Structures are given as C-alpha cells and as structure tokens.
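Okay, structure first, notes after.
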Amino acid sequence: MKKLINEPDDVVADALRGIEAAHGDRVRVTFDPYTIVRVDAPVKGKVGLVSGGGSGHEPLHGGFVGPGMLDAACPGEVFTSPTPDQMLEATKAVDGGAGVVHIVKNYTGDVLNFEMAAELAKAEGIEVDTILTNDDVAVEDSLYTAGRRGVGVTVLVEKIAGAAADAGKSLQEVTEVGRRVNAAGRTMGMALTPCITPASGEPSFELDEDEVEIGIGIHGEPGRFREKIGPASQIAERLMTPILEDLPFSSGDSVLAFVNGMGGTPLIELYIVYAEVAKIAAAHGLKIERNLVGNYITSLEMQGCSITLLRLDDELTRYWDAPVNTPALRWGA
Amino acid sequence: MKKLINEPDDVVADALRGIEAAHGDRVRVTFDPYTIVRVDAPVKGKVGLVSGGGSGHEPLHGGFVGPGMLDAACPGEVFTSPTPDQMLEATKAVDGGAGVVHIVKNYTGDVLNFEMAAELAKAEGIEVDTILTNDDVAVEDSLYTAGRRGVGVTVLVEKIAGAAADAGKSLQEVTEVGRRVNAAGRTMGMALTPCITPASGEPSFELDEDEVEIGIGIHGEPGRFREKIGPASQIAERLMTPILEDLPFSSGDSVLAFVNGMGGTPLIELYIVYAEVAKIAAAHGLKIERNLVGNYITSLEMQGCSITLLRLDDELTRYWDAPVNTPALRWGA
Amino acid sequence: MSLINRDTTLRWIELFAAQMDEHRQDLIRLDTAIGDGDHGTNMNRGMQKALEKLQAAEQADPSAVLKTVAMALISSVGGAAGPLYGTLFLQLGTALAGHAEVDLPTYAAAWRTSVEGVQARGKAEPGDKTMVDALLPAVAALEQASDLNTGLRAAADGAEQGMLATIPLIARKGRASYLGERSAGHQDPGSTSTYYLFESAAAAFTS
Amino acid sequence: MSLINRDTTLRWIELFAAQMDEHRQDLIRLDTAIGDGDHGTNMNRGMQKALEKLQAAEQADPSAVLKTVAMALISSVGGAAGPLYGTLFLQLGTALAGHAEVDLPTYAAAWRTSVEGVQARGKAEPGDKTMVDALLPAVAALEQASDLNTGLRAAADGAEQGMLATIPLIARKGRASYLGERSAGHQDPGSTSTYYLFESAAAAFTS
Ligand SMILES: Nc1ncnc2c1ncn2[C@@H]1O[C@H](COP(=O)(O)OP(=O)(O)O)[C@@H](O)[C@H]1O
Ligand SMILES: Nc1ncnc2c1ncn2[C@@H]1O[C@H](COP(=O)(O)OP(=O)(O)O)[C@@H](O)[C@H]1O
Ligand SMILES: [Mg+2]
Ligand SMILES: [Mg+2]
Ligand SMILES: [Mg+2]
Ligand SMILES: [Mg+2]
C-alpha cells in the first residue's frame, strides 16, 4: 500500500485539517466529533441539509457543503458510516428553525446511525426528515437484501434538494423533491482495479490484468460479476442497459447524464465514456439536457466509473441550474 | 494495461468527442486538426489566449477554455506536443484583432511546434506573443539542459493571464502579467506510481512497493531520484524545501498554494498533503492567501502530487479572483 | 461463581477489548471478503474507546459498566456494528439496572431482551447471515443452563456454532447481501465478533 | 546507380515508413527509458501520414516528394521530432528544388544545409545526445564519398556509429536532459530513428 498519508489511523483527521486549512473561509470543521459545517450556519428560516457517510468518497460529502447545497457533512472513518453524535451535532448546528433533512445513502450502517441521530434530534425538539438514496441498479431490491445502495444519485439529490431549501421551500417540500430525484435516478458502476483502505492495507478484491468488475458499489466491495475487459463502448453499454431498463427511461425523456470517476481514473477516460453514453442515449431517443463528468463520489484510488441517469422535469432542471457555491461544485456564484 | 478506452490510437479523438458532447454549449471542437475553441470566439478587441500540449494532462488545457481563461486549446496526442497547424488554426479562430498569446510549457517539442506556429501566424498578419512556463524546480536550469519544465504554474498563468485579457489589457500587458506569474511561481512533483500511455502499454518506470519518485514531470518521466516512501509530512517537506529556497520565498510573503493531483491520487490524500503544506508555509512565515486543491494538471492515472507556490501581489490576487467560467475552473459566473 | 458483579463485568469487557485487538486483522479479512473490510478496525476502535471511558470514571455496578460501553460504541464505531452492538449493550445495561449482583435467570432474561432490541433495530431474521445468528443460540443456551459457569460456556459454544453456521448462508442483511450468492462460503464477520464476545464472557465469569 | 530520382526517393520514404512501423516498439522502449515513450508512435504516425499524402497526389520530382513528407511530418508528428524531422525534409526538398535527378555532390550539400537547419531549430550541439549525433557523421560520410552507392552505405554506417555513441552520453537537449546523469547508459531514440533513415536510404538507392 502506497498512499500520501501519515498514520492510517489519522487519515480522516488529517484530511479534515486540510479541508479546514483550504476552505476555512466557507466551512467550520469540528474534530470531536467530526463535522464540516457551513461557516454561516444556521441560516435562519432555511431548511438545513445534513449528509454524511464513510470517508474515502471525496469530494462527497464535505466538498458539497456551501450555499445551494449541504449545510453540513459528517465524515465517518474510511468506508464506515459516521456515528449518531456527529449527526446530532451537525443537525443542531444547521437547524435554522425550519427543520433539518438528513440525506442518507442506503447502507445498513448509515441508515441505523442516522435513525438513532434523528431520534436524538427529535428528542431535542428539532424536526427531522430523511431522504434515503438507493439508486444502484446492480443490487436487487428485494426483501432478501439490504436493498439498493445509494450511489451516484446522492450527489444530484444533494444539489437539487439544496437548491429547493435555498429557494425557501418547507421541510416537507425539500424532502419531497429530494425523494423525487432519487426515484427518477438510476446508477451502475464498474471497476478496473480494487482500492485499498488505509486500515487494511490490502486490496478489496483481486482482479486479473484483463478483467473488470461490473456492478460495484463505492466501498471496494466486489461487484455482481466480473468479465474480460472490453472497449469503453462495450463497458458503457454494460452499464447503460440495466439503467435504461430499470426506471425505465423512454424515448423523448430529458435526462441529466452523470459520468463519475471512482477516484483513480483520469478525466480523459471519463470523457471517452461520456462520448459513449451520449451515443447510447441518442440511440434510445433520450435528450441529455444536463451533464456532469468528473470525480464526485469516489472509492479512494479505485479505477473505474459509474454512470447515473436522472430523468429531468422543469422543476428539477431549474433546481439543478440554481447557483451553488461549494468547494467541489460551483456555478452562478 | 487496463483503461476505459476504445482503441489506443483513438484515445484523443474519442475524448474530444466526449468533451464536445459534454461542453458543446461552451466550446467548439474541431477534429482536423484538433482544437477546442470558445464557442463565442473570437471575442472582438480582446487578446486571444491559446495554449496546448500533449493530451493525458486533463483538465489541462481543454478544461480551461472559457470566459476568463483560455480562448482555445490544442490537444496533441498523449504526452506529445500538438502540431503547428493546430496552433495556427486555433490562433486564427481566437484572433479578435488585439493579438494572440501562446502559453507554452517549456518542453522542446512544445517550444518548437509553437515557434513554427507563431511564424505561420505572423505570416498571416496576426500578432503573436509567447509566455513560456518553466517552474519545475526539479530540473536544473542551465545551459546543459532543455531548461526547466513547465508544470503546475501553467494553470495559474492561464487563469491570471486570462483574467487580464478579459479586463481588456493589451497583448503586451497580458504577456507581461503571465510572465510575471511564471517568474513568481515554483513547482515540484512526486509520484507513487508510474503511468501507462495507451500507445506503449507499459509503465513509464518501475517503482518498488515502498519507493517514491521525487522530482517528476508530467509525462511519466522518471524523476530526479527515488527514495523510500515516508509519511505525507515528509513528502510535503521534500517538495516544499526546494520550492521555498529557489525563488526564494521569504517570511511575510503572500502566496497562492496549489496542491495538484497527478490523476490517480484520491482527493482525500491531496487534502492531507495540503494540511502539511499549510503547516510548513506557516512555519516559514508565509501567508496562504489563496489555494487550489485537486487534479488540474495530471499524468494519466499516475498517483502522486505536485506542489506549486506562487507569490501574490494585489494585481495577481485580483486577477485570480476575477470570474472564470470553464468546465474545470469556475467561480463568479 | 454464581453471581455477576461489577468487577467480573469489567473483566469481561477488558477481555473482549483484548480479543478485538488481537483478532482485528482476522475480522478485517472476513469483512473484506463479503463486506468493506472495516469490521475489525471498527470493533477495535470502539472497544479501545470503551476502555478509556471505563477508566475515566468509577462505575457503580454492571449496569453502569454496560451503559458506558454502549455509549462508547455508539459514538465511536459507526457502520452497522456500532448501532447494533450499541443497542445490545444499552439494553443489557438497562435490563440490569439496580442490580449490584446478577444471577443466571436475570442475566438470561436481560440477554433475551437485548437480542430482541438488536433484531428490532436491524430487522435481521435468523439465517440472514448476521451477528443475530451467533446471538440467538448463545442466549438460548443461557436460558437452558442451570448455573452461570456452564451456562456461559454453553453460550460461547452456541455462538461459535452459530458463527460457523453462517458460512454456507447467503446473506440477506448488511453489505454482504449485495453479493447475493457470492456471499455463500464465507463466515460472517459480525457473528465472529459476537462469538468472541461470549468467549470473553465465559473466560471472565467462569474463572 | 549514380543519380537519385523521384522513384528512388519514393522507395526510400516507403522503406523508412516500413522501418518506423517495424521498430515502433523499440523506439517506444528507448524513449520510455529516458523520455516519455512516444517517439515510436510519433514517427510511425508521421510516416503513415506521409505515405497517405504521397499516394494522394502525383509527385513531380525528389523535391516535391520531400516537401510533401515534410508537411506531413510537421502536421502530424508533434513533439520534438515533428519540427526537427519536418525541418530536415523541408530543407532537403528546398535544396533539391528543380532537380529531376540528383548527383552525389548536390545531394551531400543539400544534406549539409538540412542538418544545419535542424541545428538552427533545435540548438543541439554534437554530443548533446540527440539525432544530431547520428546526422552529422552520416552527412560527413556522404561528403567524403566518391559515389552514391558507397556514400549512402557509409552514411548509414556513420549514423549507426553516431547512434551507438549516444549511449554513454549525458543528454543536454530534449526530455532526456531532465534526467541528468541518469540519462547515461541509454541509446537516444531520435538518433536511432535517424539511423533507420539512412539505412533505408542506402537500401533504396543502392539496389
Ligand atoms: N441488519 C443487521 N442486523 C444484524 N446484524 C447486522 C445487520 N447488518 C449487518 N450486520 C452485522 O454487521 C456486520 C458488519 O459490521 P461492520 O463491518 O462493522 O459494519 P458495515 O457493514 O457498516 O461496514 C455484519 O457482519 C453483520 O454481522
Ligand atoms: N533540441 C534538439 N535538437 C535535436 N534533436 C532533439 C532535440 N530535442 C530532442 N531531440 C530528439 O528528439 C528525440 C525525441 O523525439 P520525440 O520522443 O518524438 O519527442 P518528445 O521528446 O517531444 O517526446 C530525442 O531522442 C532526440 O534525438
Ligand atoms: Mg463499513
Ligand atoms: Mg512526447
Ligand atoms: Mg464492514
Ligand atoms: Mg518522446
């Protein structure tokens, strides 16, 4: 394992120190417990947005704290859900009197910890609603699994729900629009290489030099199956087909297409994948109205990508276009 | 070699198709020869800014085309300088009557090709000036080398000269401010892993599991020396010391600190490095007034980072803060 | 020994913490195969935190010890294991409130309540390939025992069998469930830490 | 053969293109060691483009062939090699303008001018570990020869020696110069492609 770190146990704290040093003008960082909070929180009368999850997915979530997106993020240890006390602290810090939304990726750990935090916050008189993201078509959503994982769509939910909150919408309205994004979005990911968590020092799985793993999540878990590597066109097809069938997306739909890097894949490859996505979308009669290409929800240094399609309507498009001013996503400000 | 590509020979063309599909609202892409040009070029009366270089460094340069930064970029093959006909085409496309600046990284290939292009453009009556970037302290600048390489500072030159052009400055003024940025900036880089060009399919060098390469450029070249890997604090020290000594930077200086990822290093590690940079800068009495952390000038999937320090004055800071609206760098717009 | 008191409870927790430290890599390896590889780090971090908290303040009785452990785990483990083990210890501490010394029937009943609490939080059924598969046979063994000594030994054996029985199962809860059939053939990490929990208890109380 | 004409010039270019295709990986490997690994790809791409351009339109004489090659290289090779080989061919074509057939003295003089052009563009001195180290002995051999056949053979041998002589050198120009002393012990890729250039010339003209 070769990494730009000090001690494996200090990775999250050291990175938070870097975030504090780089973005101290926009966010307050606390270390006990770990939180990243908008410097001007709480914004009075605005619904507060809190998300969080294991570290190692940067810029998710800390990079999305700022006007027009999250009010706070709770970073857990690498690939480990944060704890209820972090979430409670963040919830209290951003409560501007209009209630707080928790944006939670559907993993047992995240769900249980956020559940406890919401109970604690409610006990302190803060109204809390939860948006659960579960957009990963690689996972069967059935009684016999923990349900679909929350992956790429989480970024889009944070942006769009953030814009709704910014526009002065109520707790219920913000929650509703966030859930609508999750319901209209689908994601599928793949890996060329595994990743190595600092704590374990071992690759999360082994892949041959000519194999790819299809249907991975964002925690270095093995995927649904592996196969011989093919050209980018084939890989894009492999990811797009289940996405298109699942919602299903139909000819004439306006969509946002999001090609996300897993952290170790260079941008030039993401653009190659995007070109294939655009081709496939066009062949299915989809109109890509908005797009996002880059490393936004990652798995440490894993090489690979995920594709997310979100069906847009006028309201979602308007919220997507609204100004946002965070370290990792910024426009109109 | 595992990559998200189709044919190795098609990498640049396929990526350009992706850029065109993703950013067609902001840039025009031409394929014969390859250029990426602001959709509203030429901007009448504004000095045009053209840069270019080998591909594989994305988002450099194509991701920096847009208002407040470059007017056009010329992507060469992977790690290969573009050709004079690309540069001539781009120069003609962005000439708004006030002349055109070529921003050239100091590599023999880039210098020679841009030289030929400038000769051709002048023959067609376009005034051309050149800003050469050569900020890499890893290379001795002497009669016995090709001179220092242009690396991290190139991004800062493109932003700041872009802002000067946007502010209506003359060809001479824009060139002068760009050269001033280059003169006040220093960079040093390191790698944890080599990279593999699609054409060669082989790692650019071999490193043991516990070794790092110090003083690398951005083309997968081996560096000045290799050593056993140490903690991020030591690596930051290794890079900062020659930078600080070289300009030299002095206590009381205001600086912009830029921690750049080489493409395969996750953001969490870049923030850890940034925390160390901030600590070292503080210990030397430097005041970090501005910063940039992320993958901006990369070497394909190489893991590693570079550190750039730029001494700021009021004018440079003002230009840095000016609005910019490009795919990869955006604020105030 | 026929009664559990504050000191034996503390010894149990210390032994369990030592086990989590010793078997950290094993748990990581199990969790890497069908999860995300952090279970060993999580449990070790949590139990170290628990020891710290226990050292920081005098604990009045078993209930106080258990509640302190619960709060330490909830606020430092994260992941699925944090809330689940946190709930387990919290319920155990709550059920034993007011007892300076605890006899077998009281102890077994408290465990039953606690495991029900874990199931209420995590919604796992027996056979879902989770810590519940180690917890249930352990508690059943306690309930059927005639004295604490043999009961805790039987509980540890029950947990071990429950842990080994997870190997062929297809996971239906937690991260391993994403793997579907690929999860079969691997031992569940959470049931493994639960086995160490009862092994430590047997060692602490039956010496 | 005592005169060079359009057809032998075309044959030379075809042979050189074939060599660049055949030795692509070798040149990549040499350039990977002390540069950025693209020299083989660059030269092969350029020479394929040159062939295309030559096929697209009838070339009047050696000068036309050489200028077409020059333009193809300049607009498709990039890197250091593009402008340098481009300049070489452009100057050669310019110097031979108006000659349907070229004799040895004219040819040698044209080469001298062209190599001076390469040096003017790239500022490389002999011993800097560049293509100039292969070019100079080759041209000297041509100048000293008494007929084209032996002259071109001697030029190829001179280029080969120049190429081999780059191995111990410390590079002072181009990317390899960044390596300082670490560049010693490696053969310069550009001098290697130049060696193939003269090998092809000898094969094309002396058959
Ligand atoms: N719903 C659940 N109910 C009971 N136990 C569960 C549940 N989900 C997961 N577990 C247990 O948690 C263990 C994983 O814990 P850990 O690795 O620390 O958390 P995470 O899965 O969040 O990374 C699993 O091995 C399993 O025994
Ligand atoms: N200044 C120079 N003068 C002459 N030849 C040079 C000079 N710089 C580099 N070269 C030659 O160019 C070769 C490298 O070409 P190539 O790899 O295609 O370009 P780049 O170095 O831009 O990647 C070197 O091996 C060397 O022979
Ligand atoms: Mg986890
Ligand atoms: Mg090159
Ligand atoms: Mg786990
Ligand atoms: Mg080269």
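Only a predicted model underlies this, so the values are computations on that prediction, with no experimental measurement involved. In the text below, chain A, chain B and the rest are named by the order of the sequence lines, each starting its count at 1.
Counting heavy-atom pairs under 4.5 Å between each of A:T80, A:T108, A:V78, A:D85 and chain C puts A:T80 at the top. Of the listed residues (C:A80, C:G40, C:G79, C:S177), the one with the most heavy-atom contacts under 4.5 Å to chain A is C:G79. Heavy-atom pairs under 4.5 Å with chain A were tallied for C:I34, C:N42, C:D31; the largest tally goes to C:N42. For the set A:P84, A:P82, A:G76, the entry with the most heavy-atom pairs within less than 4.5 Å of chain C is A:P84. Note on C:R24, C:E125, C:R45, C:E181: by heavy-atom pairs under 4.5 Å with chain A, the leading option is C:R45.
Both the backbone and the side chain of C:T32 have a heavy atom closer than 4.5 Å to some heavy atom of chain A. Contact of C:A176 with chain A is not made at all, since no heavy-atom distance falls under 4.5 Å. In this structure, the portion of C:A171 lying under 4.5 Å from any heavy atom of chain A is its backbone and not its side chain. Proximity to chain C is limited to the backbone of A:N106, based on heavy atoms less than 4.5 angstrom apart. Heavy atoms closer than 4.5 Å to chain A are found in both the backbone and the side chain of C:L179. Heavy-atom distances place no part of C:R29 under 4.5 Å from chain A, backbone and side chain included. For chain C, no part of A:P33 is nearby; none of its heavy atoms comes within less than 4.5 Å.
Environment of CE in A:M1: crowded, with over 12 heavy atoms of neighbouring residues, nucleotides or ligands closer than 6.0 Å. Open room surrounds NZ on C:K49; 12 or fewer heavy atoms of other groups in view lie less than 6.0 Å from it. Heavy atoms from other residues, nucleotides or ligands lying under 6.0 Å from CD of A:E119 number more than 12.
Expressed to the nearest 0.5 Å, how far OG1 of A:T83 lies from CG of C:L73 amounts to 11.5 Å. The CD atom of A:E202 lies 7.5 Å from the CD atom of C:Q25; values are rounded to the nearest 0.5 Å. Note: C:S75 OG to A:L88 CG = 11.5 Å, rounded to the nearest 0.5 Å. Note that OG of A:S200 and NE2 of C:H39 are 15.0 Å apart. Values are rounded to the nearest 0.5 Å.
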| task | Carefully, step by step, assess A:M116 and C:I74 under the rule side-chain contact (heavy atoms from CB on, under 4.5 Å). | result | CA-CA 9 Å; A:M116 286 185 134; C:I74 290 172; 3.9 Å; yes
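With contacts defined as side-chain heavy-atom distances shorter than 4.5 Å, the pair C:R121/A:L112 qualifies. Under the 4.5 Å side-chain criterion, counting only non-hydrogen atoms from C-beta, A:S204 is not in contact with C:D36.
A salt bridge between C:K123 and A:E115 is absent, with no side-chain N of the basic residue lying under 4.0 Å from a carboxylate O of the acidic one.
Considering all non-hydrogen atoms of both residues, A:R224 and C:Y178 come closest at NH1-O, 2.9 Å.
For C:R182 (side chain) and A:G223 (main-chain N/O), a donor-acceptor pair under 3.5 Å exists by modelled atom type.
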